[in-house]
Every structure is written in structure tokens, then in C-alpha cells.
J.: 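Mind having a look at this structure? Questions to follow.
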Amino acid sequence: MKIHPAYEMLRPDKNFPNVWCPGCGHGIVQGAIIRAVQKLGLDRDEMAMVSGIGCSSRMPVYCDFNSLHTAHGRAIAFATGVKLHNPKLHVIVITGDGDALAIGGNHFIHAARRNVEMTVVLMNNMIYGMTGGQYSPTTPIGKRASTAPYGTAERDFDPCSLAKAAGAVFAARGTVYNAAELEKLITQALAKKGFALVEAVSPCPTLYGRLNREGNAVKMMQWQKENTVNVKAAEKLPPEKVRGKIVTGVFHDAETPGYTEIYDRVIAKARGA
Amino acid sequence: MKIHPAYEMLRPDKNFPNVWCPGCGHGIVQGAIIRAVQKLGLDRDEMAMVSGIGCSSRMPVYCDFNSLHTAHGRAIAFATGVKLHNPKLHVIVITGDGDALAIGGNHFIHAARRNVEMTVVLMNNMIYGMTGGQYSPTTPIGKRASTAPYGTAERDFDPCSLAKAAGAVFAARGTVYNAAELEKLITQALAKKGFALVEAVSPCPTLYGRLNREGNAVKMMQWQKENTVNVKAAEKLPPEKVRGKIVTGVFHDAETPGYTEIYDRVIAKARGA
Amino acid sequence: MAKNTTVEEARAAIEQDFKQGYDLPVYVYKPWCKSCEICVAFCPKQVLEMGEDRKPRLARPRDCIRCRQCELRCPDLAIFVCEEKAK
Amino acid sequence: MAKNTTVEEARAAIEQDFKQGYDLPVYVYKPWCKSCEICVAFCPKQVLEMGEDRKPRLARPRDCIRCRQCELRCPDLAIFVCEEKAK
């Protein structure tokens, strides 16, 4: 093989380089997803990649899967339809912190509650990138955004805690700095039969980095390197040693029947089986 | 005193008996709220009661507080506005499982995240009462509703877990059977300076009870009596002894500055103070 | 169901009854009662019974321990425990 | 920014380079590179440097340990580690 291994899963006719800013972490997440799909030996035609609106949501354009680029915040709703129509598809939802948790917050918690079989890859860059740096539900309190020149007054969601509380069977967090761990988490998520969340912490040097004086892409990646702690280590540390750090790893992994499986039982019951 | 002690906090000009069906638990919750307000020595004019749409949301009509009966699912959004406009008011949101968690799910989690100072009393009767017994996000899986003649295929939310994960500072559950405990939980919630949830499990004999053959109001209350376990006792029991039971008590009680308090700091910063 | 009344009307009716010598421990304001029987079912001393009018009546008033369980659980705010008479 | 290309064009250009004798451990497809410098910054062996064209170049190819960190972290899928030559 003398070609980048990911190229066989890219849409041949799409223009590259991709739309993302230099150093944006989203392309790293794309690479991790493609490697996870390849590792599981899944065929492109078995995949469905569904996205909403936002920087991250451009990803399905570049991946040579069945794909659906939908309305803002509604990726999970469309993905539910895709999965119910064809339960054999492996459905990946590509979303960002604004798309998934602000406008799309209700879809997020309800799909987790119903345990609809899908892998949600939530690229968390803690800001609205595409529309100019507005703060999002994951912007940490006190951080600057174009709509928070004195720092946000709002606390941030922990997407993994929220998914777990809502009913997800799998919730994990990785960083783009540790792309190998991220790939492993996405592989685990894709193997689950239920609502699986992988939060990928992905720097936005163009807006979040600039507004918060965190430097360029390399500096933001370096920060990830120096401020990440695995959940197993974090559990043994006093809270003050974990505060402000990115905790990565698997937070929740349960076995509960997925929605299409339970729905099939209802159909059988209705048919008098 | 020769008059029912709650009467001084009822709207004198409203027609009684209230709109709720015979044996509906919602009136018991109303009594508990009024006693909690009286216990804290709060004046009617310090109170603001905000509701959405649904059986429970009729309550502000009967209580002689500042009151706001709003659109379906939006009580928490209106209540946020009330609180920001006049932070001195004690804001009580009156809502049901459909109103708060289905159409209003996103408002619910975002107000909890922002820690807006309000007490949300969520009357959970596990069904849409007003509109004819459709299943709601808290109808337990397998239970019957007019829209689930073979039993629901969906799992139910735990409103307390969801509120805690979203950022609430207080989350508790009581039953109308144990009205004294419920009153105590509402009193605690009203004293918090942040987003406080009290889930009041309140039977709907007319729809839920009939559709699920659980008998009349007395039988449903009797079931609560026999199937409630306090959270402290539940923690010591094996999971199979807790399954299917109502766990009551305080699940989460934290101290974090509320939204209006933090917003005041932003204002001070912006004014250069 | 009972004819609708306001809180003012309820107050006046109750005051009137007390003026006319009502002196039982528990008072039921019948126009607001919807006959759910919760007060009767959970009275720990069986003080209450359902009357022929399908409203609770005080069958054993002397057994009342003033625990207020009927008052706390009435969904219609139609029953309350009177204060003990100052003697 | 580089002119847009398709995957087909990228494949063809890379194949052409390999035909013409490219035999370094790491390949950079420059038209897709956006000069973020992540590959250079995190190469554990300082194999890469930024060239005058602001694209990474292989300064110390013999030090490459084929750990693929550059490939895993490139947001543009513009760099990859070649397989070792079958000898």
C-alpha cells in the first residue's frame, strides 16, 4: 500500500483539503473514525454517517459512506429514522457541542433514553466555530467567546454525565492529542448495540484559542498533552488535582437492549406472535 | 383558626373544587407546596408560580401568588425570565412529566446547567393526563398508554439523575402518599439558591391507573405506601430489592453560586467595578 | 360533582357551621370533596367512614389523634383537623 | 491555501511520486497540507521540520521509528507512514 490508508474511505470526487481551519482537531477525529471502521472490518455500504450543522457536521461530505447532512441540531432525530428504517446499518452521528447540546439537547437526551443504536461522535471544541465564536453549552464558565467578552456566566455540561443519566449504554471521552486512544474509544462505541457517545475534545485555534489567548494549534495540543488524566487515575486523585483537566476514558459501559430490538418485540406482540 | 390553613393562600375568587379528577395526586402536592411556603414564612407577594401546559400546570390558577400560566414545555424558560427580572422572587415552576421532560426537556437541562435559582416541582404521574393518556418520557417500559396498547418500547427518564447530571444543586423525590416528607423536600428545595428539583410521584387513577389496571386512587396510594424505599435504605439494599420501587429522599444537594449571582458579577465587570 | 364555590364562600360556610356549634375534631367541607375516599382509607384510627352521600363522615370522632393525615392527603383541600379547644 | 484536489488526483500524484523512486519513510501530500505544524511538533524523533514552503519536510528520515504519530494527528490526512519495503 502506497496510499494513505484512509483514502479508500474518502469520497473520491470531493475537493480537498477539507474545509476546516489549519490545525482544527476535527480532521484528526475523522481519521480516528475511519481507522475504527477499518479495524472492525466494516464495509462502507454498511455505514451511515449523519450530521447536523456546524464545523464538525461537514465531515459526512468527505467520507464515502451512506451519508445525510441535515438541519441544525436534528442529526440524532434523522439518525433515529435511518436506524429504524434499516437496523442493519451502523449509524454514526457527527455533531458538535452547539449542534448536539444547545439546539439539539432534547434529541440527545431522548435518543439516549430510548437507547437507539447509534454512535454519536461529539466533537467538543467548546465554541460555535462556523458562526463566529459564540459560547456554547460546553464553554467553561468564565471563558471568553464573541458573545461573552467578560467571560461566560454559564456553567458547562459534562456531555458524558448527561448521556449516562439520560440512558446511554456507553459514554467515553478522548482527545485529538491522543488520537490512538480516541480511535480505540470509537471502535468500542461502534461495537455497542445501543446509544454510544464518544466525546472528542478537539481544539478550535481560530476562535476559542484566539479569544482565550491559548495560542495556535500546536500550543492547544500541547495543553491537551499536559492536562489530560485518565478516568481510572482521576478516581484515585483528590478533586483539586483533577479540576480544570480533561478526564478521558470510558465513563459508562452497560448492556441494555437497544430500541430497534425492543421495537421488534412490540411488533411481534401486535402480530400475536 | 377555624379555617383550613391552606385557604389563605388560595385565590379567593376561583371556583372550587379544583379541575383535577377525584383522587388525582396533584392537589396533595399543592397542599404540600402551600405548607412549605408557610413554614418558611414567605409572603404570597414574594412568590412567583410559573407553569406550562398539562394537568399539573393548572395549579397556579388556584394559588394566590404572582403567577404565570405559559406555553407547553416553556414554563422553565419563562421562569428564567421572571427570576432574572426580579431576583428577589421565590420562583416555583409547576410542571408535569410530559411538559418538563418531553417538549420541555431542553429547557429543563439548560436551566439546571445554568443553575437558575428556581424550585421545579415536577408532578410525575407517568402519563399525559390532559390529552388522553399518551405515554410520556417517564412511563416505565412495558406499561400501557393510549399510544402504547402493547406496552411502551421506550425506557423512562429518571428526572433526578438527569437534573443532577445537567447541573442542578438539589434533586429529590417524594410521593403524595408520604405528603409530610414531600412537604419537607419542597421546603428544602425552596431554601436553595440554585436550580432545585422536587419530583412528586402523583398517581393518575383516571388514565394511568385504568390503562394499567392499577385500581382506584386509594389502591394506587396503597401501592405507593408498600413500594417506597428511602434512598439511604436503598443504597444498602441489593439492586433487585430496589427494582420497580419508588426511591424517595434527597439524591443530590450541592452548593454552587446561582445564575443571577454570577450574572451580577459579569455586570460589575462590564461596568469596570 | 358539587356546584362550584369560591374560597370566600367556603370560608363563610365553614365559619357559619362553627358558629352554629360544630365541635368535632375534623371538618369536611363537602362542596369541595370529590369522594376519592383517600382520607377514609388512610386514617390510622378509622375515625372516618363514607356516608350515604359519598362524602366522609366522622364515625368515631373520639378516636381522632389529630395526626392530620387526612388533611395532608386530601387532594381537594376539603378536610382539615381543627385546633383543640382552649378550655 | 493549496488548490483544491480530489482523492483521485491525490492518489495519482502519490503513485507517480512513488514510481519515480520516492523511498522515504514518511510521505507528505503537500496540496492537502495546511501548515499547522502538528506533525513537526509532536514527532518524538524530530524527523520532521518545516520547510521554506511552510510544509513539513523530512530532515532526519533515518531516525523515523514508524510510530505513525504524524499520520494519526494530521487533521488533513496529508501525511502517512509508508510500509517498510519488502526486501
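Model, not experiment: these values are computed from the prediction. Side-chain atoms are counted along with the backbone in the values below, which use heavy atoms only and exclude waters and symmetry mates. Chain naming here is simple, since letters A, B, ... match the order of the sequence lines and numbering starts at 1 in each.
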J.: CD of B:Glu255: more than 12 outside heavy atoms within 6.0 angstrom?
T.: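 No.
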J.: To check you understand the geometry: which heavy-atom pair defines the closest contact between B:Tyr263 and A:Ala153, and what is its length?
T.: CD1-CB, 4.1 Å
J.: Could you check whether any side-chain heavy atom of B:Glu154 comes within less than 4.5 Å of a side-chain heavy atom of A:Ile262, counting everything from C-beta outward?
T.: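 Of all side-chain heavy-atom pairs linking A:Ile262 with B:Glu154, none is under 4.5 Å.
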J.: For a 4.5 angstrom cut-off between non-hydrogen side-chain atoms, does A:Arg113 reach B:Asp156?
T.: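 A:Arg113 vs B:Asp156: side chains apart.
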J.: Are A:Thr152 and B:Val266 side-chain neighbours, meaning at least one heavy-atom pair lies under 4.5 Å?
T.: no
J.: Would you mind checking which part of A:Ala112 comes under 4.5 Å of any heavy atom in chain B, side chain (CB onward), backbone (N, CA, C, O), both or neither?
T.: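 Interface part for A:Ala112: backbone (N, CA, C, O).
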J.: Given side chains that start at C-beta, do those of A:Asn106 and B:Phe108 come closer than 4.5 Å, heavy atoms only?
T.: no
J.: If you define the side chain from C-beta out and look only at heavy atoms, does anything of A:Arg155 sit under 4.5 Å from B:Tyr259?
T.: no
J.: Give a yes or no answer on whether the side chain of A:His110 reaches the backbone of B:Pro137 with a donor-acceptor pair at less than 3.5 Å.
T.: no
J.: May I ask you to name which of A:Gly104, A:Gly142, A:Ser161, A:Ala166 has the most heavy-atom pairs under 4.5 Å with chain B?
T.: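 Looking at each option in turn, the highest pair count goes to A:Ala166.
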J.: Under 4.5 Å heavy-atom distance to chain A, tell me which part of B:Ile141 shows up: side chain, backbone, both or neither.
T.: side chain
J.: Checking B:Tyr150 against chain A: side chain, backbone, both or neither under 4.5 Å from a heavy atom?
T.: both
J.: In this structure, are over 12 heavy atoms from other groups packed under 6.0 Å from B:Lys192 atom NZ?
T.: yes
J.: If you take all heavy atoms of B:Ala165 and A:Ala165, which pair is closest and at what distance?
T.: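 The pair with the smallest heavy-atom distance is CB-CB, 3.4 Å.
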J.: Look at atom CZ of A:Arg265 and say whether more than 12 heavy atoms of other residues, nucleotides or ligands are closer to it than 6.0 Å.
T.: yes
J.: Would you find more than 12 non-hydrogen atoms of other residues, nucleotides or ligands less than 6.0 Å from B:Arg74 atom CZ?
T.: yes
